[in-house]
Student: 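Following this message is one structure expressed as structure tokens.
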Number of protein chains: 2
Amino acid sequence: MDIKRSGDRPSSQGSRDYFTGSVRIEPLFQAPPPARVVGASVTFDPGARTAWHTHPLGQTLVVISGVGLAQREGGPVETIYAGDVIWFPPGEKHWHGATAAAPMTHIAIQEALDGKTVDWLEPVSDAQYRKS
Amino acid sequence: MDIKRSGDRPSSQGSRDYFTGSVRIEPLFQAPPPARVVGASVTFDPGARTAWHTHPLGQTLVVISGVGLAQREGGPVETIYAGDVIWFPPGEKHWHGATAAAPMTHIAIQEALDGKTVDWLEPVSDAQYRKS
């Protein structure tokens with residue numbers, strides 16, 4: 001049994017290569033092989049969002065607080081609320097983030113395939129974001 | 001992209017075969033193959049706890065609220081707090097639950113091996129629980 005206490009887990013600012021705006025990432029867990037699940041708490045300031053991306057084995061988001069946005073390529077921008085759970089299938093191009101007015105925190109859960117949990121793509125432009 | 005809204009996910013009372021006391025289980029997600037991660041939000045009333053059990057690929061708990069207890073076989077009973085993240089390796093016999101005085105809610109995350117995420121064992125007796 002290993003306990004990582006609240007406050008003992010370093011967080012970092014999301015890279016400008018993969019995020020727009022201010023995003024705080026706190027790694028929560030990374031199960032060692034043969035397990036493969038990885039989780040992080042991610043907090044988006046208003047207006048902040050991920051770049052477009054895909055996950056080799058999909059991704060689950062559990063929205064913890066605030067109001068956010070999520071979109072799969074070709075679909076509508078959906079508003080997501082605390083308590084909502086969102087699933088993106090393997091390879092589905094998508095993004096997620098805060099609304100323009102409110103911050104949003106979610107737990108993001110992915111499984112690693114060949115050591116990789118995400119493939120990053122181009123940023124979500126202001127024009128794409130404003131459609132939301 | 002699939003969104004399960006808060007309030008649209010049925011919850012159920014934990015079975016007396018696997019839990020002592022009042023435990024509310026709300027399934028959050030079950031990623032379809034080739035993914036294999038499963039998650040649930042579990043709320044324990046004061047005094048309530050799981051039976052002893054193991055997980056074939058381990059288990060991660062993210063404590064969301066309250067104050068709880070967790071113990072691996074042969075180890076001390078540990079008090080766990082909101083924000084703590086606990087990892088039990090594959091096959092490690094353990095239990096978790098609320099304290100006698102306070103409820104506790106955690107998200108529990110497991111990976112399925114051959115369709116199975118847990119092996120249930122004997123209850124945590126009142127004598128074992130009172131040692132905490």
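For the numbers below, each heavy atom of this structure counts, side chains included, while hydrogens, waters and symmetry mates do not.
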Student: Please classify the contact of B/Glu26 with chain A as side chain, backbone, both or neither, using a heavy-atom distance under 4.5 Å.
Tutor: neither

Student: Does A/Thr105 form a side-chain contact (heavy atoms from CB on, under 4.5 Å) with A/Ser41? I'd like the steps, not just the answer.
Tutor: CA-CA 7 Å; A/Thr105 297; A/Ser41 177; 3.6 Å; yes

Student: If I measure from the heavy atoms of chain B, does A/Gln110 come under 4.5 Å with its side chain, its backbone, both, or neither?
Tutor: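 When you check distances to chain B, no heavy atom of A/Gln110 falls under 4.5 Å.
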
Student: Can you tell which part of A/Ile109 gets under 4.5 Å to a heavy atom of chain B, answering side chain, backbone, both or neither?
Tutor: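 Side chain only.
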
Student: Against B/Phe19, only a single residue in B/Trp120, B/Trp95, B/Trp52 fulfils ring-ring contact (aromatic ring centres under 6.0 Å, His included); can you say which?
Tutor: B/Trp120

Student: Answer yes or no: is there an ion pair linking B/Asp126 with B/Arg49, defined by an N-O contact shorter than 4.0 Å?
Tutor: yes

Student: Applying ring-ring contact (aromatic ring centres under 6.0 Å, His included) between B/Phe88 and each of B/His96, B/His55, B/His53, report the one that passes.
Tutor: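 Result: among B/His96, B/His55, B/His53, B/His96 is the only option passing the ring-ring contact (aromatic ring centres under 6.0 Å, His included) with B/Phe88.
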
Student: Any salt bridge linking B/Lys116 with B/Glu111? Criterion: basic side-chain nitrogen under 4.0 Å from a carboxylate oxygen.
Tutor: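 Salt bridge absent between B/Lys116 and B/Glu111.
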
Student: Side chain, backbone, both or neither: which part of B/Leu113 has a heavy atom under 4.5 Å from chain A?
Tutor: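 Interface part for B/Leu113: neither.
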
Student: Heavy-atom cut-off 4.5 Å, strictly under: side chain, backbone, both or neither for B/Ile80 against chain A?
Tutor: both

Student: Which residue out of B/Ile107, B/Thr60, B/Leu57, B/Asp8 racks up the most heavy-atom pairs below 4.5 Å with chain A?
Tutor: B/Thr60

Student: Please determine, among B/Met1, B/Gln71, B/Arg72, the option with the most heavy-atom pairs under 4.5 Å with chain A.
Tutor: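 Top count of heavy-atom pairs under 4.5 Å with chain A: B/Met1.
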
Student: Is it the case that over 12 heavy atoms from other parts of the model lie below 6.0 angstrom from the CZ atom of A/Arg16?
Tutor: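 Not buried by this count: 12 neighbours or fewer within 6.0 Å.
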
Student: Give a yes-or-no answer on whether the side chains of B/Glu92 and B/Thr54 include a donor-acceptor pair shorter than 3.5 Å.
Tutor: no

Student: If you count heavy-atom pairs under 4.5 Å with chain B, which of A/Glu78, A/Arg36, A/His94 comes out on top?
Tutor: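 Winner by heavy-atom pair count: A/Arg36.
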
Student: Of the backbone (N, CA, C, O) and the side chain (C-beta and beyond), which part of A/Val85 lies under 4.5 Å from a heavy atom of chain B, both, or neither?
Tutor: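 Both parts, heavy atoms under 4.5 Å.
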
Student: Does A/Gln30, at its CD atom, have more than 12 non-hydrogen atoms belonging to other residues, nucleotides or ligands within less than 6.0 Å?
Tutor: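 It does not: A/Gln30 CD has 12 such atoms or fewer within range.
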
Student: What part of B/Val37 is in contact with chain A, defined as an atom under 4.5 angstrom from a non-hydrogen atom: side chain, backbone, both or neither?
Tutor: both

Student: Measuring heavy-atom distances to chain B, does A/Ala70 have an atom under 4.5 Å in its side chain, in its backbone, in both, or in neither?
Tutor: both

Student: Which region of B/Pro89, side chain (C-beta onward) or backbone (N, CA, C, O), has a non-hydrogen atom less than 4.5 Å from a non-hydrogen atom of chain A, or is it both or neither?
Tutor: side chain

